[in-house]
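Following: one structure in structure tokens, then a few remarks.
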Amino acid sequence: MNDSKRLIIKDLKKEFNGFWALKGLNLELSPGEIFVLLGPNGAGKTTTLKLITGLLHPTQGEIFIEGINIKESPIKAKSLIGYVPDEPFIYPKLTGREFINLVASIYRVKKADYEKRSKELFEKFDIGEWIDELSEGYSHGMKQRIIMCQLLLHNPVLILIDEPLVGLDPKTARTVRETFLSLKDQKKTLFISTHTLSFAREVATRLGIINHGELKFTGTLEELAEISGRKNIEEIYLKLTEE
Ligand SMILES: Nc1ncnc2c1ncn2[C@@H]1O[C@H](COP(=O)(O)OP(=O)(O)OP(=O)(O)O)[C@@H](O)[C@H]1O
Ligand SMILES: [Mg+2]
């Protein structure tokens with residue numbers, strides 16, 4: 001086992017009622033990587049992320065986070081992960097602050113850390129006085145910003161995000177991009193699924209292309225350009241996902 005790897009995925013397979021959504025995925029991620037997973041609708045991106053978080057159980061294969069097998073030590077493994085699902089949920093009758101408190105208590109964040117980090121995050125994502133309003137009154141983008149705060153509150157080392165930019169205004173999208181790059185500099189590992197190719201081009205240290213439950217390519221943008229014979233990320237993507 002290579003302990004310097006933050007995430008190791010070995011021969012991961014997932015079957016839903018006879019349909020193989022993932023067909024044997026292998027991947028290793030190191031500290032300081034932003035891995036961006038691209039692929040058509042239904043390719044298996046969300047399934048992969050849910051398997052890593054432990055929300056789904058693999059039909060076959062193994063997942064290690066910092067050398068910890070998530071099947072053997074799920075609670076310990078989950079404490080290292082931050083996750084934003086494709087359709088984030090905040091209890092409508094909680095205020096942003098109550099929701100963040102709830103998340104902090106689930107992750108057992110120490111009081112001093114909570115006070116310092118929540119203050120920094122609320123400022124960074126410009127939450128302002130919305131923090132004490134019921135979340136049912138939040139706009140889509142405000143919910144996304146609260147979700148970004150809950151993501152980082154417990155200082156996770158492996159950050160999994162399913163479609164981070166949907167519905168964010170340009171200023172918030174930039175804050176999110178800058179936050180990801182600064183997390184990379186802090187040697188966190190990010191695993192991001194997206195359809196926003198410009199975002200992938202700007203933040204990814206390595207890209208993966210998945211299609212029909214198979215990881216077809218992984219590499220830097222330069223490496224994928226070489227494989228596909230194309231330069232522009234959209235053309236690279238279209239070439240590598242064509243049937
Ligand atoms: N709970 C489930 N039951 C049955 N089939 C499922 C289930 N979850 C996912 N699938 C199927 O597995 C395949 C992969 O789905 P997944 O959600 O991982 O795709 P995706 O790459 O995230 O797509 P998108 O870009 O649309 O978000 C799809 O064919 C989907 O219908
Ligand atoms: Mg998805």
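Because only heavy atoms are used, hydrogens play no part in the values below, and waters and symmetry mates are left out as well, while side chains stay in. The structure presented is a predicted model; accordingly, all values stated were derived computationally and were not measured. Just so you know, ligand 1 is whichever comes first in the structure, and atom 1 is the first atom listed for that ligand.
The Mg ion (ligand 2) lies at 2.8 Å or more from every N, O or S atom belonging to T47.
The atoms of ligand 1 that sit less than 4.0 Å from any heavy atom of A21 are 12 (O), 13 (C). Annotation for ligand 1: atoms under 4.0 Å from non-hydrogen atoms of T46 are 17 (O), 18 (O), 20 (P), 22 (O), 27 (O). The A43 neighbourhood of ligand 1 comprises atoms 19 (O), 20 (P), 21 (O), with distances under 4.0 Å to a heavy atom of that residue.
Checking side-chain atoms of E178 against main-chain N and O of T175 turns up no donor-acceptor pair under 3.5 Å. Although no hydrogens or angles enter the test, the distance criterion places no donor-acceptor pair under 3.5 Å between the side chain of T196 and the main chain of F199.
Counting heavy atoms from C-beta on, the side chains of L29 and K5 never come closer than 4.5 Å. Residues L12 and L51 are in side-chain contact: their nearest non-hydrogen atoms beyond the backbone lie under 4.5 Å apart.
Within the 4.0 Å cut-off (strictly below), no protein heavy atom is located near atom 30 (C) of ligand 1.
Using a non-hydrogen distance threshold of 4.0 Å, P40 registers as a contact of ligand 1. Ligand 1 does not have K14 within reach: every non-hydrogen atom of the residue lies 4.0 Å or more from it.
Ring planes of F35 and F191: perpendicular class, angle over 60° (limits at 30 and 60°).
Here H195 has side-chain heavy atoms under 4.0 Å from ligand 1, and that is the only part of it that gets that close.
For atom 23 (O) of ligand 1, the nearest protein heavy atom (residue, atom name, distance) is G42 N, 2.8 Å. Of the protein's heavy atoms, N41 ND2, 3.0 Å lies nearest to atom 26 (O) of ligand 1. Here the heavy atom of the protein found nearest to atom 6 (C) of ligand 1 is F16 CD1, 3.3 Å.
With values rounded to the nearest 0.5 angstrom, K231 atom NZ is found 10.0 Å from I236 atom CD1. In this structure, L7 CG and I81 CD1 are separated by 8.5 Å, a value rounded to the nearest 0.5 Å. With rounding to the nearest 0.5 angstrom, the NZ atom of K184 is 12.0 Å from the OG1 atom of T189.
Between G44 and ligand 1, at least one pair of N/O atoms sits closer than 3.5 Å.
Comparing heavy-atom distances from atom 16 (P) of ligand 1 across T47, N17, D86, L22 singles out T47 as nearest.
A cation-pi contact, defined as under 6.0 Å to the ring centre and within 45° of the axis, links K14 to F16.
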